[in-house]
Chemist: 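Handing you this structure, nothing more for now.
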Amino acid sequence: MTKIPGRAQRSGGLFRRDLLKLSGVALGAGAAAPILGRSRPARAATEITFASAKFFGKETIAQLVDAYNASQDKVHVTYRELPPPSASTEVHQALVQQLARRNGAPDVFTQDIIWIAEFAAAGWSLPLDEHIDASEIGAYFPGLVAGCKWQGKLVALPWFVDSGMLYYRRDLLEAAGAKVPETWPELVETAKTITGAGQAKLGFLWQGKQAEVLVCDLVSFTGSNGGAILDADGKTVRIADPAAVEAVQFMHDTIATHKISPPDLLSWDEEPSRRPFTAGQAVFLRNWSYVYGISQDAGESSVVGKVGVAPLPHFPGKSSAASLGGYQYGVNASSKNQEAALDFVRWMSSPETQLRFALQLGLAPTRQAVFDHPDLAKAQPFMAQLKPVFLGATPRPVTPKYPQVSLVLQSEVSKALASGDVKGALEAAKSRIETIVGV
Amino acid sequence: MTPLSALRGRLLGLPVWVWRGVLLHAGALFIVAWSAGPFLWQLSTSLQEDKALVADTPSYLPIPATLEHFVNIFTVKQFQLYLLNSVIVAGATTLFCLVLGALAAFALARLNIRGRFGILGLILSISMFPQIAIVAPLYLLATAMDLLDTYTVLVVVYVALGLPLVIWVLFGYFHSIPREIDDAARMDGAGPLTILFRVTLPMSLPGVVTTGLLGFIAAWNEFMFALAFTSDIGTQTVPVGIANFTNLYYVPWGDIAAASVVVTVPLVLLVLTFQRHIIAGLTQGAVKE
Amino acid sequence: MAMTGSIAHRIAGPGRRFRLGSAQAPALLLLLPAVGALAAVSVYPVGLGLWLSFRDTSLAAPDDAFLGLRNYHDLIADPTFWNAWAHTVEFTVASTVAETVLGLGMALILYEWFIGRGLVRAAMLIPWAIPTVVTSKMFGWLFDGQNGIVNHLLRVTGLIDQNVNWYGSTDTALLTIIIADVWKTTPFMALLLLAGLQTIPRSLSEAALVDGAGPWATFWRVRLPLLMPTLLIAALFRALDAFRIFDLVYVLTGGGPADSTETLSTLTYKTLFSTLQFGYGSAMAALMFATEVLIAGVFGAVLIRKLRETER
């Protein structure tokens, strides 16, 4: 607190008054923060709002938004932070509440890739085909661009990408003379050998909790058998086809028959499955890209320097399929400042900003060229080598009713895994999904 | 204390009072082990590196110890801001709940309002509607009134959530006080408010302190509304702050354990102080007959 | 004060009907702030919820037709709803009974004097004080099938041979959630019951003891009946809260495995927040409310009778 010149510093009254002033300012600032934003707007700048789930790393999204505001004076962005992506249902709810009012706020937002179809079908996302030309689109990963389209129209601009991958213990594989498995039978074989020899407690860890991550794992397994859950037309349900049944049967067998996976993973999502692996108790792990950084942190991991990464295995004769994830940008269809919003989105999705996101927040870029940038190879060598993994990633079913479809899948696949009645559960899933997508 | 001579008889060769002592102390030990056990494990976790958590045999003692988690939550995560917000919100909530609740409970218990059980039932029904169903409409209201990211909206909602319990519990305590005491005070010319503040409240102080404590902790721990209504560190409370420790998937368990220790220890000290100075003084025969 | 006279008129005896008139006004005035605060927060959401339950409103689609009772009809025919309902009732009964019994035991112990009682009272409150977001994850950790401490301790003491798959097995998942809730919420009951015990005059139980009653009889015949109103109120609120359990279940199991821990709150949450079917979800919330009214009705009937008995 600053001293007021010419006044004796009396402890009681002055302190109390300053404290009241301070708390009043704090309360007022707290109430006005959404309106005032984080920096003073320049005169005549177009005001737009940006809502995003909270991500952080060495920098925060707020700092990047400030950088944009400082770099030009035509557009001023006010950033409204939503809950972190770990509370994704709340982010979804908060976003939907705002978008459903169709009053133009927020002008720009970020959306999980699985919500893109839902928001587009509801008419909340602005189609971007007229504003972004084809040459610009070509710079992004094709699989991601496909995920950003709804009914042939581009409704989202790519931000960052993530996908599942296979982590393995290089040292254990070398000691057993095994190569990195490319098919599931090979993985089972190697896991059994190594755990049988007592070199590791657990063979293969994945996520079986009745939550969204189960659908991600499901896609990885069914896709790697050439199967699918929902066809590209969004209406034909393929979850009960032989390819999918075989894949889910395999998921069940890893626990029940091959016993390379513990039954506990039926309640595990990302973190509970990651912990035994970085503690050195498991040979293989299917998880997102974030695990690598942790596995190389000496305060967190017992397997520093012993971890390798590869694309997920596939069934013999088929190809690897990893679940595609990541948040993408959307522009509000009711936005009253479309030009300003587009300018902001283009800046956020530019190569320089994507590189900054990669270096400072650990979010993998969606532009193929950024992966080849020397700075990335230097600061995030692991991320740079993930390009082939991301190229082969498979999206989850694309349908505006995705949340309902996902809940059905979570319920039925969990039943299949717990009870062993794979065919019955998947048939039930098929009929429930058919009701939802309106067959 | 119960006169020992009043407890007669023997059981299995030992006097009853010995059994009573054994059971009492065993029970107390169980309470401490059961309640504080997991917390002590949290304390140990907060002082260890994260990787020590998944060892084959869990290490109960924090050896080697590290203070990095405590340092981290205050320097990097700015946990002190969340703490301040929580103290303000929970404190204001408790204050309003107790004042409004005591007035209402007194009116219902003592002033013979017609249909008081109906009114009590109506008050109860407020707390029967699932909170998840009222979050969305209240969010819309708060947005319309521009009250998002303020202490006001949280306090108003928490007071409404906590009042039914406060009113009912205080009603129960007030009800159990003999009316003769009220009558005696009225004979001396006291009005209803005087009776409330000079007679009823002091006599049900254990109940008032308890309800206040429970209400404080309930407001302290509330998560769903805080997450929905606040998005700025200037107003976010501790549960939201702890949830914000998680980025995308990674759960910084050591940091979370440190945060929960920081949050729990002051509350426990608070309870220790209150319990000792207020309750203890009362129960030694203060109930006047 | 002018009204002292009219109040003095009315204290002639218990059960005497009161008159309308000026005496009611100040009483209602005391009631107004609290009721006003409650109404301000609840009227709009509850009203909106009820209104929505008769429509098929979905935030993501432009649907908003009036459906009459169709939502309720579909809900009653929906097996997932009854599955969640059954789990919720099971959870409510188990946790309320366990917490009441355990809480009563704790309250009785803490009521007596012994060295270190203050510390034990403070220790007892710890589970209630830890934020629920932490408790959920902590219990997930403690009961982890592979590396959890509970399994470790149970094996070390020889009570089990193999690790129990607490959260991953349909047999034990709900039980584990009940244990977590009992740990977290028993202090709530214990504290309310302790305060209730403290408002019972000691002279009554001492008199009974001197008259030759053993400690059990003193408890059962003297203290428990006087404690009954407090116990019933605390148990009522506990049961209503248990019926709406959400955080613990959602974080620990998400309703699984195989829907074995799905509760009404998690189901309603998924319906409202994930699928955005506000009509259907509001109907679910309304049926939850209806069940709670039943529970409260049962408790309330017993409670009102007890209160009228002990009215003095």
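A quick note: this is a predicted structure, and the numbers were derived from the prediction, not measured. First the proteins, then the strands, lettered A, B, ... as listed; each starts at 1.
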Chemist: Hey, which of C/Ser58, C/Gly168, C/Gly255, C/Ser169 has the most heavy atom pairs under 4.5 Å with chain A?
Modeler: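 Sorted descending by pairs with chain A, the first entry is C/Gly168.
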Chemist: Please give me the minimum heavy-atom distance between A/Arg432 and C/Thr80, naming the atom from each residue.
Modeler: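 Closest approach of A/Arg432 to C/Thr80: NH2-CG2, 4.0 Å.
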Chemist: Give, for atom CG of C/Leu252 and atom OG of A/Ser267, the distance between the pair rounded to the nearest 0.5 Å.
Modeler: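 Separation between the atoms: 9.0 Å.
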Chemist: Got C/Gln146 and A/Arg275 here, is their nearest side-chain heavy-atom distance under 4.5 Å?
Modeler: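 When only atoms from C-beta onward are counted, A/Arg275 and C/Gln146 do not touch, as no gap falls below 4.5 Å.
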Chemist: Non-hydrogen atoms of chain A under 4.5 Å away: do they reach the side chain of C/Val133, the backbone, both or neither?
Modeler: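 Neither part, no heavy atoms under 4.5 Å.
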Chemist: Given that the side chain runs from C-beta out, which part of C/Thr170 has a heavy atom under 4.5 Å from chain A: side chain, backbone, both or neither?
Modeler: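 When you check distances to chain A, only side chain atoms of C/Thr170 fall under 4.5 Å.
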Chemist: Would you name the heavy atoms of C/Phe273 and A/His92 that are closest together and state the gap between them?
Modeler: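 Closest approach of C/Phe273 to A/His92: O-ND1, 2.9 Å.
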Chemist: With a 4.5 angstrom heavy-atom cut-off, which part of A/Trp115 approaches chain C: side chain, backbone, both or neither?
Modeler: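 Interface part for A/Trp115: neither.
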Chemist: Only pairs of heavy atoms separated by less than 4.5 Å count here; which of C/Leu272, C/Asn163, C/Asp259 has the most with chain A?
Modeler: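 The residue among C/Leu272, C/Asn163, C/Asp259 with the greatest pair count is C/Asp259.
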Chemist: Which heavy atom of C/Tyr250 sits nearest a heavy atom of A/Lys209, and at what distance?
Modeler: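 That would be O-NZ, 4.1 Å.
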Chemist: Assess whether side-chain contact (heavy atoms from CB on, under 4.5 Å) is satisfied between A/Glu271 and C/Lys137, documenting all intermediate values.
Modeler: CA-CA 11 Å; A/Glu271 276 290 272; C/Lys137 294 203 160 71; over 6 Å; no
Chemist: Looking only at atom types and distance, does a side-chain atom of C/Asn165 sit under 3.5 Å from a main-chain N or O of A/Pro263, one as donor and one as acceptor?
Modeler: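 Yes, the answer is positive, given that a donor and an acceptor are paired below the 3.5 Å cut-off.
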Chemist: What part of A/Ala418 gets closer than 4.5 Å to chain C, counting heavy atoms only: side chain, backbone, both or neither?
Modeler: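 Side chain only.
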Chemist: Under a 4.5 Å cutoff for heavy-atom pairs, which residue among A/Ala211, A/Ser411, A/Ala100 has the most contacts with chain C?
Modeler: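 Answer, by heavy-atom pair count under 4.5 Å with chain C: A/Ser411.
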Chemist: Does A/Gln210 use its side chain to pair, donor to acceptor, with the backbone of C/Pro257 at less than 3.5 Å?
Modeler: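 No, because the side chain of A/Gln210 does not come within donor-acceptor range (under 3.5 Å) of the backbone of C/Pro257.
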Chemist: Within this structure, what is the CD-CG distance for the pair A/Gln93 and C/Leu276, rounded to the nearest 0.5 Å?
Modeler: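 CG of C/Leu276 is found 6.5 Å from CD of A/Gln93.
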Chemist: With a 4.5 angstrom heavy-atom cut-off, which part of A/Leu99 approaches chain C: side chain, backbone, both or neither?
Modeler: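 Neither part; nothing is under 4.5 Å.
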Chemist: Minimum heavy-atom separation for A/Pro403 to C/Ser274, with atom names?
Modeler: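 For A/Pro403 versus C/Ser274, the nearest heavy atoms are CB-O, 3.2 Å.
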Chemist: Using a 4.5 Å cut-off on heavy atoms from C-beta on, say whether the side chain of A/Thr89 contacts that of C/Lys270.
Modeler: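 The answer is no; the side chains never approach within 4.5 Å.
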Chemist: Output the option from A/Glu90, A/Glu412, A/Gln97, A/Lys401 having the highest count of non-hydrogen pairs under 4.5 Å with chain C.
Modeler: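 The option with the most such pairs is A/Glu90.
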Chemist: Counting only heavy atoms closer than 4.5 Å, note whether A/Arg102 contacts chain C via side chain, backbone, both or neither.
Modeler: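 Contact with chain C is absent: no heavy atom of A/Arg102 under 4.5 Å.
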Chemist: Which is it for C/Trp166 and A/Asp264 under the side chain to side chain donor-acceptor pair (under 3.5 Å) test, yes or no, and what are the steps along the way?
Modeler: CA-CA 8 Å; C/Trp166 294 103; A/Asp264 313 273; over 6 Å; no
Chemist: Tell me, side chain or backbone of C/Phe143 under 4.5 Å from chain A's heavy atoms, or both, or neither?
Modeler: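 Looking at C/Phe143, nothing touches chain A.
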